[in-house]
Amino acid sequence: MFGHSMLAMPRCLRSAAFWAFVYSYSLLCTCIALLKLLCSILMRPQITFQRISREVTPSCLNDPFLGTHCYVRNKDSGLRFHYVAAGERGKPLMLLLHGFPEFWYSWRHQLREFKSKYRVVALDLRGYGETDAPANKDSYKLDCIIVDVKEIVDSLGYTKCVLIGHDWGGMIAWLIAICYPEMVTKLIVLSFPHPTVFTEYILRHPSQLIKSGYYFFFQMPWFPELMYTVNDYKVLKDLFTSRDTGIGKHGSRFTEEDMETYLYIFSQPGALSGPLNHYRNIFSCLPLKHHQVTMPTLLLWGENDAFVEVEMAELTRVYVKNYFQLSVLSYASHWIQQDQPELVNTLIWTFLEEERFEIKD
């Protein structure tokens with residue numbers, strides 16, 4: 001496969017081949033999206049660019065049982081970050097990092113569950129929700145995002161935390177655990193493998209390359225933002241509710257109010273550019289120079305995940321030089337903490353209460 005042939009090349013040729021591949025596949029994915037747009041215009045010309053105005057904040061976003069809305073300004077970047085916090089100050093910190101296209105609300109079930117023993121903080125990442133969104137795409141490099149999280153932990157008055165990340169937030173959680181191991185007591189990742197596994201696997205397995213086509217499509221300016229708004233954000237709706245990618249019938253109810261909450265957040269002016277800019281820097285940041293994770297790690301995976309193949313979950317084990325636990329949840333989708341919150345919470349509790357600690361050679 002492509003990955004093997006690249007490794008056999010000299011370094012300069014390998015870099016050129018890599019970027020040629022990235023841009024070629026990005027162009028292909030864009031052409032496919034353009035065809036879909038043209039079909040929509042031909043078949044439904046009156047509604048293709050029709051959008052509902054969403055100006056009223058959904059009441060569930062201000063539900064006091066979920067926590068308190070707070071803001072902190074990072075000294076290094078000057079950006080203001082929004083987060084929702086539950087549980088008493090002074091309890092151990094549990095920091096939650098959401099994926100794409102999500103925001104703090106994706107952790108609503110965990111905010112309620114873990115506040116009894118933790119200070120639970122669900123963050124809006126740079127560019128998402130009520131957090132500031134720089135216009136320059138270079139402001140979304142992974143180095144910047146990692147420093148964001150480190151500074152937020154410091155600003156909250158903590159030096160350590162239990163770190164939990166889902167999807168893109170899982171990628172960030174892995175990187176923080178690698179770069180700042182002293183800051184993470186336990187690592188919990190949902191629906192994303194170790195970044196090195198991901199980059200190597202995607203180049204060797206065409207099926208995963210197809211599933212990750214959106215990474216390449218998002219490299220294009222402005223057009224991905226447009227495609228997400230077509231037919232009143234149909235792409236966003238389908239991600240969470242369709243048979244192929246959405247929360248399954250075996251999972252928790254994803255209500256109309258939940259869907260409208262997502263639509264409200266991502267239909268605000270400029271709300272999509274920040275999240276997409278995260279992806280527009282991904283290929284310049286990988287592969288990693290350092291790989292090892294040294295703290296106890298729990299990896300949770302949905303059996304029916306439509307975006308990341310389960311084979312990557314087991315391959316992740318080799319990069320964790322400590323106790324590693326993998327749980328694959330039957331019937332669960334990619335949106336695992338919203339899909340089967342009771343089971344996810346139980347697995348997290350069990351892992352947190354274990355005292356197992358191993359050092360591997």
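- With His205 contributing its side chain and Ser207 its backbone, the two residues share no donor-acceptor pair below 3.5 Å.
- Between the side chains of Asp232 and Gln50, no donor-acceptor pair is found at a separation under 3.5 Å.
- Once rounded to the nearest 0.5 Å, the distance linking CD of Gln268 with CD of Glu55 reads 8.5 Å.
- Side-chain atoms of Glu303 come within 3.5 Å of backbone atoms of Tyr331 as a donor-acceptor pair (strictly under, hydrogens ignored).
- By the 4.5 Å heavy-atom criterion applied to side chains, Leu66 and Arg112 are counted as neighbours.
- Side-chain rings of Phe114 and Trp349 approach one another, their centers coming within less than 6.0 Å.
- Between Leu175 and Pro195 there is a side-chain heavy-atom pair separated by less than 4.5 Å.
- Taking the ring centroids of Phe100 and Tyr279, they lie under the 6.0 Å cut-off.
- Side-chain polar atoms of Asn281 and Ser284 form no donor-acceptor pair below 3.5 angstrom.
- Partner of Gln338 under the side-chain hydrogen bond (donor to acceptor under 3.5 Å, both in side chains) criterion, out of His109, Arg108, Gln110, His166: Arg108 alone.
- Applying the side-chain hydrogen bond (donor to acceptor under 3.5 Å, both in side chains) test to pairs two or more places apart or on separate chains, those with a residue in residues 56-75 are Thr57-Tyr264, Ser59-Glu257, His69-His82, Tyr71-Glu130.
- When side chains are defined from C-beta on, Tyr180 does not count as touching Val149, because their heavy atoms never get closer than 4.5 Å.
- Taking both residues in full, the closest heavy atoms of Ser191 and Val308 are given as O-CG2, 3.6 Å, listed atom of the first, atom of the second, then distance.
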Candidate pair Phe240 and Glu102, rule side-chain contact (heavy atoms from CB on, under 4.5 Å), full reasoning: CA-CA 10 Å; Phe240 291 103; Glu102 298 176 292; 4.0 Å; yes
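- To the nearest 0.5 angstrom, Phe198 atom CZ is 9.5 Å from Leu203 atom CG.
- Thr245 contributes a side-chain N or O that, together with a main-chain N or O of Asp238, makes up a donor-acceptor pair within less than 3.5 Å.
- Under the rule for a side chain to side chain donor-acceptor pair (under 3.5 Å), the partners of Glu225 that lie at least two apart in sequence or sit in another chain are Ser273, Arg280.
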Lys150/Cys179 under side-chain contact (heavy atoms from CB on, under 4.5 Å): CA gap, chis, key distance, verdict: CA-CA 10 Å; Lys150 174 69 166 60; Cys179 296; over 6 Å; no
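- Residues Gly302 and Val328 approach most closely at C-CG1, 4.5 Å, considering heavy atoms.
- Heavy-atom contacts from other residues, nucleotides or ligands closer than 6.0 Å to CD of Glu353 number more than 12.
- Not a single donor-acceptor pair under 3.5 Å links the side chain of Arg119 to the backbone N or O of Lys91.
- Atom OG1 of Thr241 is separated from atom CG of Asp244 by 11.0 Å, given to the nearest 0.5 angstrom.
- Considering CE of Met94 and CG of Leu111, their distance stands at 10.0 Å, rounded to 0.5 Å.
- Looking at Ile178 and Tyr319, their side chains never come closer than 4.5 Å, going by heavy atoms from C-beta outward.
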Test log, rule side-chain contact (heavy atoms from CB on, under 4.5 Å), inputs Leu352 and Ile188: CA-CA 9 Å; Leu352 292 176; Ile188 302 170; 4.1 Å; yes
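- Considering Leu125, Thr131, Leu61, Ile265 in turn, Leu61 is the only one that fulfils the side chain to side chain contact (heavy atoms under 4.5 Å, CB included) rule with Trp104.
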Step-by-step side-chain contact (heavy atoms from CB on, under 4.5 Å) determination, Ile348 to Leu300: CA-CA 9 Å; Ile348 292 175; Leu300 300 179; 4.3 Å; yes
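- The number of heavy-atom neighbours closer than 6.0 Å to NZ of Lys137, taken from other residues, nucleotides and ligands shown, is 12 or below.
- In this structure, Trp335 contributes its side chain and Leu239 its backbone to a donor-acceptor pair below 3.5 Å.
- Checking Thr297, Leu187, Leu326, Leu298 one by one against Val320, the side chain to side chain contact (heavy atoms under 4.5 Å, CB included) holds for a single residue, Thr297.
- Taking all atoms of both residues into account, the shortest heavy-atom contact from Phe81 to Asp124 is CD2-O, 3.8 Å.
- Phe18 and Tyr215 end up in the same hydrophobic cluster when Ile, Leu, Val, Met, Phe, Trp and Tyr side chains are linked at under 4.5 Å.
- Within the model, atoms OH of Tyr118 and CG of Leu95 stand 13.5 Å from one another, a figure rounded to the nearest 0.5 Å.
- Within the 4.5 Å cutoff, the side chain of Trp107 has heavy atoms near those of the Ile164 side chain.
- Residues Tyr25 and Ile210 approach most closely at OH-CA, 3.5 Å, considering heavy atoms.
- The shortest distance between side-chain heavy atoms of Val153 and Thr159 does not fall below 4.5 Å.
- Using modelled atom types, no side-chain atom of Asp339 and backbone atom of Ile247 make a donor-acceptor pair closer than 3.5 Å.
- Between the side chains of Ser106 and His98, no donor-acceptor pair of N or O atoms lies under 3.5 Å.
- Put simply, CD1 on Ile152 and CG on Leu97 are 8.5 Å apart, with the number rounded to the nearest 0.5 Å.
- Among Phe21, Phe216, Tyr23, the one residue that satisfies the ring-ring contact (aromatic ring centres under 6.0 Å, His included) test with Phe283 is Phe216.
- Phe103 has its side chain out of reach of Pro275: every pair of non-hydrogen atoms, C-beta onward, lies at least 4.5 Å apart.
- Here the side chains of Leu236 and Pro101 are in contact, with some heavy-atom distance below 4.5 Å.
- In the model, Asp167 has a side-chain atom that pairs as donor or acceptor with a side-chain atom of His334 under 3.5 Å.
- A distance-only check finds a donor-acceptor pair linking the side chain of Thr185 to the backbone of Cys161 [under 3.5 Å].
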Test log, rule ring-ring contact (aromatic ring centres under 6.0 Å, His included), inputs Phe218 and His278: CA-CA 9 Å; Phe218 291 168; His278 282 257; over 10 Å; no
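- Note: the hydrophobic cluster containing Leu276 also contains Leu79 (ILVMFWY, side chain heavy atoms under 4.5 Å, direct or indirect links).
- Between Leu190 and Gln337, the closest heavy-atom pair is CD2-CB, 3.7 Å.
- Phe266 has its ring centre no less than 6.0 Å from the ring centre of Tyr233.
- Judged as a side chain to side chain donor-acceptor pair (under 3.5 Å), and not counting sequence neighbours, the contacts of Thr48 are Ser40.
- Between Phe223 and Phe217, the two ring planes are perpendicular [angle over 60°; tilted spans 30° to 60°].
- Residues Ile202 and Ser212 approach most closely at CD1-CB, 3.5 Å, considering heavy atoms.
- A donor-acceptor pair is defined here as one N or O able to donate and one able to accept, closer than 3.5 Å; such a pair exists between the side chain of Lys160 and the backbone of Glu182.
- With hydrogens and angles disregarded, a donor-acceptor distance shorter than 3.5 Å links the side chain of Gln208 to the backbone of Glu309.
- With hydrogens and angles ignored, the 3.5 Å screen pairs no side-chain donor or acceptor of Glu314 with any backbone N or O of Val310.
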